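Inspection log for the structure reproduced underneath, given as C-alpha cells.
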2 protein chains.
Amino acid sequence: MRADARRNYERLLAEARAAFAESGVEASLEDIARRAGVGIGTLYRHFPTRDALLEALLRDGFDALAAQARDAPATREALAAWALAVMESSTAYRGLTTAFVTTLRDESTELYASCKAMNAAGTDLLSRAQQAGGIRPDVEAPEFLTMVYGIAWADEQTRGGRTERLLNLLLDGLRPI
Amino acid sequence: MRADARRNYERLLAEARAAFAESGVEASLEDIARRAGVGIGTLYRHFPTRDALLEALLRDGFDALAAQARDAPATREALAAWALAVMESSTAYRGLTTAFVTTLRDESTELYASCKAMNAAGTDLLSRAQQAGGIRPDVEAPEFLTMVYGIAWADEQTRGGRTERLLNLLLDGLRPI
DNA sequence: TCCCAAGCGGAGTCTGCCTCCGCTTATCCT
DNA sequence: AGGATAAGCGGAGGCAGACTCCGCTTGGGA
C-alpha cells in the first residue's frame with residue numbers, strides 16, 4: 001500500500017469515528033471525506049460501503065467481546081455481564097444497533113463476518129450457563145440474542161438509559177423454573 | 001371539504017397503504033402521489049409529514065388496541081394477548097416499529113397522540129395484572145413497553161417469526177418471584 | 001532521473017424530500 | 001345560468017446525500 005493511500009485510510013477512519021460519534025451511523029459520507037481532506041472517490045475506494053467503514057471501526061471491539069465470552073465462567077452473572085457489554089458496544093454510535101441487526105441478515109458483508117464470531121462465542125457461553133443450571137435450558141441462542149439486541153435498540157431509541165435494568169429483568173426471568 | 005379534495009384524500013390513503021405494505025414505511029412519497037394520480041403538492045397538503053399519513057392509516061387499529069386493553073381481565077394471559085396484538089400491528093408494514101418508537105419521543109405529532117391512548121390503556125392493564133398477582137410488582141410500564149417494542153422490532157428485523165415465543169419467554173420471566 | 005500503475009478527486013447523475021406560487025375549478029350566490 | 005372567489009391543485013425547482021466514472025497526479029521502484 002502506497003504511503004499516501006495508507007495516510008488517507010487512517011484519516012478517513014479517524015474522521016468517521018468522530019462523525020459517527022457526533023451524528024450517528026447515518027452521518028454523511030461526503031462530510032467525512034471532506035473532513036478528512038480527501039475526495040469522495042477516495043473514501044469509496046477504501047470503503048465501498050458504509051458497512052465496510054463501520055466494520056473497520058468496530059472489528060477490535062468485536063474481537064474483544066468474543067474473547068470475553070470465551071473466557072467467562074458458566075454462570076448467569078457472567079452471561080449478563082457479557083450481554084451488557086454487547087449492548088453497550090452496540091450503542092456506541094446512535095443507530096448502531098439497527099446497522100448490526102439489519103446487516104446480520106446479509107451474510108456476504110464484512111460486518112457480518114466480524115459479528116458472527118462474537119455471536120458464536122456468546123452462543124457457547126449461553127449453552128455452558130444452561131448446562132451449569134443458571135439459565136433455563138429451552139432457550140435457544142438466536143432467541144436470546146434477538147431479545148438482547150431488541151432491548152438494546154428500544155432502550156437506545158427511547159433514550160431510556162435503563163439497559164442494565166432491562167437486561168436484569170430479562171435474565172432474572174430466564175432462570176430455570 | 002370540497003368533493004375533489006375528499007376524493008384525492010381517499011386515493012392517497014389507499015395508495016399509501018399499498019405502497020407501505022409493499023416497500024415498508026420508507027416508501028417514496030412521490031411514488032405514492034404518482035400512483036394516486038395527484039401532484040406531490042397535493043399529498044403534502046393533505047399529509048404534511050410521513051407520520052401524518054401513517055397516523056391516518058393506523059388510527060383505527062390503535063383505537064381497537066386501546067379498547068382491547070381496557071376490556072381485558074387482569075391476568076398475565078390477557079396482558080400477553082394484548083402485547084402480542086400490539087406487536088403484530090407494529091409489524092404490519094416493514095419499519096413500522098421503528099416509526100412508532102422514534103415518534104414516541106416527539107410529543108407534538110399526531111402519531112404520538114394516537115399511540116399514547118393505547119399505551120395508557122396498556123399501562124393500566126399491566127398494573128391491574130400486577131395487583132392481581134400475575135406479574136411481578138416492581139416492573140414499571142415504560143420498562144415493559146420498551147421490552148415489548150424492542151422484541152417486536154428485533155424479531156421483525158431478523159425475520160424470525162418468533163414473536164409469540166419471545167413474548168412468552170419474557171412474560172414467563174415476569175411472574176412474581 | 002524516468003516511468004507507470006496505484007491512487008486521487010470531483011464533476012456528474014440519480015433519487016427522494018419538501019416548498020412555493022401561478023393556475024384551475026367546485027361551489028355558492030344572485 | 002353564469003359570474004365571483006376561495007379552496008384546492010400540481011409540478012418546477014432547490015436541496016441533500018449516495019454513488020460512479022474517468023482524466024489527472026504522484027510515490028517509489030528500476
Side-chain angles (χ1 to χ4, degrees), chain A residues 1-57 93-96 98-99 102-103 106 108-111, chain B residues 1-57 93-96 98-99 102-103 106 108-111:
Chain A
M1 200 178 205
R2 249 164 63 169
D4 53 346
R6 160 116 267 139
R7 205 160 48 234
N8 285 335
Y9 181 92
E10 301 296 349
R11 293 206 60 186
L12 281 167
L13 270 190
E15 291 302 332
R17 184 175 286 114
F20 289 161
E22 202 174 294
S23 324
V25 295
E26 298 300 329
S28 157
L29 297 180
E30 310 217 315
D31 206 47
I32 291 172
R34 203 156 31 236
R35 286 162 64 162
V38 305
I40 185 66
T42 299
L43 185 149
Y44 275 95
R45 196 166 337 93
H46 286 297
F47 307 102
T49 65
R50 187 181 293 272
D51 276 351
L53 189 47
L54 267 179
E55 197 272 335
L57 283 177
Y93 310 126
R94 213 163 353 109
L96 229 201
T98 306
T102 56
T103 310
D106 180 359
S108 69
T109 64
E110 291 285 318
L111 192 51
Chain B
M1 201 179 206
R2 251 164 63 168
D4 54 347
R6 159 118 267 136
R7 206 161 46 234
N8 285 335
Y9 181 91
E10 302 295 349
R11 292 208 59 187
L12 280 167
L13 270 191
E15 292 301 333
R17 183 175 288 114
F20 288 162
E22 202 174 294
S23 324
V25 296
E26 298 300 330
S28 155
L29 296 181
E30 308 218 315
D31 204 48
I32 291 172
R34 204 157 29 234
R35 286 162 64 162
V38 305
I40 185 66
T42 300
L43 184 150
Y44 275 95
R45 197 167 335 93
H46 286 297
F47 307 102
T49 64
R50 187 181 293 272
D51 276 350
L53 188 48
L54 267 179
E55 197 273 334
L57 283 176
Y93 310 126
R94 210 157 1 104
L96 229 201
T98 307
T102 56
T103 313
D106 179 359
S108 68
T109 64
E110 291 285 319
L111 192 52

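Being a predicted model, the structure only gives us computed values, none of them experimental. Order of the sequence lines sets the chain letters (A, B, ...), proteins ahead of strands, with each chain counted from 1.
Spacing between atom CG of B:D31 and atom P of C:dC18 amounts to 15 Å, rounded to whole angstrom units. Computed from coordinates, the A:Y44 OH to C:dG9 P distance equals 16 Å when rounded to whole Å. The CG-P distance, from B:L29 to D:dG10, rounds to 16 Å in whole Å. Nucleotide C:dC18 holds its C1' atom 15 Å from the CG atom of B:L53, rounded to whole Å. A straight line from CZ of B:R11 to P of D:dG8 spans 18 Å, rounded to a whole angstrom. As rounded to whole Å, 16 Å separates atom P of C:dG7 from atom CG of A:L43. A straight line from CZ of B:R34 to C1' of C:dC17 spans 13 Å, rounded to a whole angstrom. The nearest whole Å value for the distance from the CG atom in A:D51 to the P atom in D:dA18 is 13 Å.
Not one side-chain nitrogen or oxygen of B:R2 sits closer than 4.0 Å to the OP1 or OP2 atom of C:dT25. For B:S28, no side-chain nitrogen or oxygen approaches OP1 or OP2 of C:dT15 to under 4.0 Å. Listed pair A:H46 / C:dG7 fails the phosphate criterion, with no side-chain N or O lying under 4.0 Å from OP1 or OP2.
In this structure, B:R35 contributes its side chain and B:E15 its backbone to no donor-acceptor pair below 3.5 Å. A:R50 contributes a side-chain N or O that, together with a main-chain N or O of A:A27, makes up a donor-acceptor pair within less than 3.5 Å.
Residue B:R45 is in base contact, counting any heavy-atom pair closer than 4.0 Å across all strands shown.
Mapping B:E30 and B:N8 onto DNA chain D via the closest heavy atom, the residue that lands nearer the 5' end is B:N8. Residue whose closest nucleotide on DNA chain C sits further toward the 5' end, between A:G37 and B:D4: A:G37.
With no hydrogens or angles considered, a side-chain donor-acceptor pair links B:S108 and B:D106 at under 3.5 Å.
Candidate nucleotides C:dT27, C:dC17, D:dA18 were compared by shortest atom distance to the side chain of A:R50, and D:dA18 ranks first.
A salt bridge does not link B:D4 to B:R7: none of the charged nitrogens lies less than 4.0 Å from a carboxylate oxygen.
In plain terms, the two heavy atoms of B:A33 and B:L12 that are nearest each other are CA-CD2, 4.1 Å.
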